[in-house]
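Below, read A as the first sequence line, B as the second, and so on, with proteins coming before strands; counting in each chain starts at 1. As the structure is a computational prediction, the values presented were derived from the model and not from experiment. Values below: every heavy atom of this structure, side chains too, minus hydrogens, waters and symmetry copies.
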Amino acid sequence: MKLATWNVNSVKARLPRLLDWLDRTDPDVLCVQETKVAADAFPAKEVAELGYETAHHGEGRWNGVALLSRAGLEDVRRGFAGDPGWAGEPTGEEGLFEQPHIEARAVSALCGGVRVWSVYVPNGRTPESAHYTYKLSWLGGLRTAVAQDLASAAPVVVCGDFNVAPTDADVFDPAAFVGSTHVTAPERAALAALREAGLDDIVPTPMKGPNPFTYWDYRAGMFHQDKGMRIDLVYASPALSGAVTSAYIDREARKGKGPSDHAPIVIDFDI
DNA sequence: ATGTCGCTACCCTAGCGA
């Protein structure tokens, strides 16, 4: 099975590149994040012409995750029990929600006997922010939901934009991130707790240079200087992590006119 | 690194989020 994950930063803006990439890369399953379109606005017809079924979980202008599969797409689950939702700022300016707002950040399905998740973890903004607290509790809820999947027979793989760099080697300069999200001990502990539920981090090989980065800010020529981060991750249960035959970051997809700010990860499993 | 994107609402540019 060839599995890939890609934060496309708007499926509408990226559609020509997405279709071209699917055609040339030929994955069996693609996990998509940041579709930024409403539930019924995913270009399912266009990807169907390339042979893919779609499961989209979208809400409009922000977030949105999808699974594209031609290896089967069964038992689709949008969201997960225990998602805390975004409850607003405690003091008000952005407005308190009467009920926590459950955002479209996770979708999972059985693809060829594998429980595949596509997730878009909250950014967190700053460590002082209510968004950061939300990020940590969201990751805690994800861990509980994934642990339940791991108790069943099917192998599990959780793919997506985690908005956390697991180690200092996963950012271009740790000193540049002091006081920022994505690198704090609690965020890394939340990732570790997810792994400890029974998943291995499949670290992909960069196509060029020593750094396994998957994201480079659009600004300041960050991509050309390889000042990036590894925040897109593939966490797989042992039956899958032991069956990896290749894993790489497709930095070619980050080049040229109109790229996403994230590169896809492509993994081959011999299963 | 704060140099760019993509979105929406409101009108074609500003404000937001990343």
Set out, line by line, the N/O atom pairs under 3.5 Å between protein and nucleotides 10-16 of chain B.
unit_1, atom_1, unit_2, atom_2, d
B/dG15, N2, A/Arg61, NH2, 3.1

Q) Are A/Trp216 and A/His262 an aromatic pair by the rule of ring centers under 6.0 Å? A) no

Nucleotide N/O to protein N/O under 3.5 Å, stretch nucleotides 1-3 of chain B:
unit_1, atom_1, unit_2, atom_2, d
B/dT2, O2, A/Arg219, NH1, 3.2
B/dT2, O2, A/Arg219, NH2, 3.3

(Q) Checking one residue: A/Val203. Which other hydrophobic residues are in its cluster under the side-chain 4.5 Å linking rule? (A) none

Q: Rounded off to whole Å, could you give me the NZ-to-P distance for the A/Lys135 and B/dG17 pair?
A: 16 Å

**Q.** Gap in Å between the two P atoms, one belonging to B/dA14 and one to B/dA1, rounded
**A.** 28 Å

**Q.** Value in whole Å for how far the P atom of B/dT4 lies from CD of A/Glu34
**A.** 19 Å

Q | A/Asp261: side chain to side chain donor-acceptor pair (under 3.5 Å) partners, not counting sequence neighbours | A | none

Q. Tell me: OH of A/Tyr134 to P of B/dG17, nearest whole Å?
A. 14 Å

Q) What about the rings of A/Tyr235 and A/Phe162, do their centers lie closer together than 6.0 Å? A) yes

Q: Select from A/Pro259 and A/Asn163 the residue whose nearest nucleotide in DNA chain B is closer to the 5' end of that strand.
A: A/Pro259

**Q.** Rounded interatomic separation in angstrom, taking NE2 from A/His262 and C1' from B/dG17
**A.** 12 Å

Q. Whole-Å distance between B/dA18 C1' and A/Arg105 CZ?
A. 11 Å

Q) What is the distance from CG of A/Asn63 to P of B/dT8, rounded to the nearest Å? A) 13 Å

Q: Supply the members, apart from A/Val11, of the Ile/Leu/Val/Met/Phe/Trp/Tyr cluster built from side-chain contacts under 4.5 Å; use none for a lone residue.
A: A/Trp6, A/Val8, A/Leu15, A/Leu18, A/Leu19, A/Trp21, A/Leu22, A/Leu30, A/Val32, A/Val37, A/Phe42, A/Val47, A/Leu50, A/Tyr52, A/Leu68, A/Met207, A/Tyr248, A/Val266

Q. Below 6.0 angstrom between ring centroids: does that apply to A/Phe172 and A/Phe177?
A. yes

Q. When the distance from CD1 of A/Ile231 to C1' of B/dA18 is rounded to whole Å, what number comes out?
A. 9 Å

Q) In chain order, what residues pass the side chain to side chain contact (heavy atoms under 4.5 Å, CB included) check against A/Ala48, with sequence neighbours excluded? A) none

Q.
Taking the basic N atoms (NZ, or NE/NH1/NH2) and the acidic carboxylate oxygens, is any pair closer than 4.0 Å for A/Asp201 and A/Arg230?
A. yes

Q. Just how far, in rounded Å, is C1' of B/dT4 from NZ of A/Lys255?
A. 20 Å

Q: May I ask you to check whether A/Tyr120 and A/Trp138 place their ring centres under 6.0 Å from each other?
A: no

Q. If you measure from the C1' atom in B/dC12 to the same atom in B/dG6, how many Å do you get, rounded?
A. 16 Å

Q: Determine the Euclidean distance between corresponding C1' atoms of B/dC16 and B/dC10; express it in Å to zero decimal places.
A: 14 Å

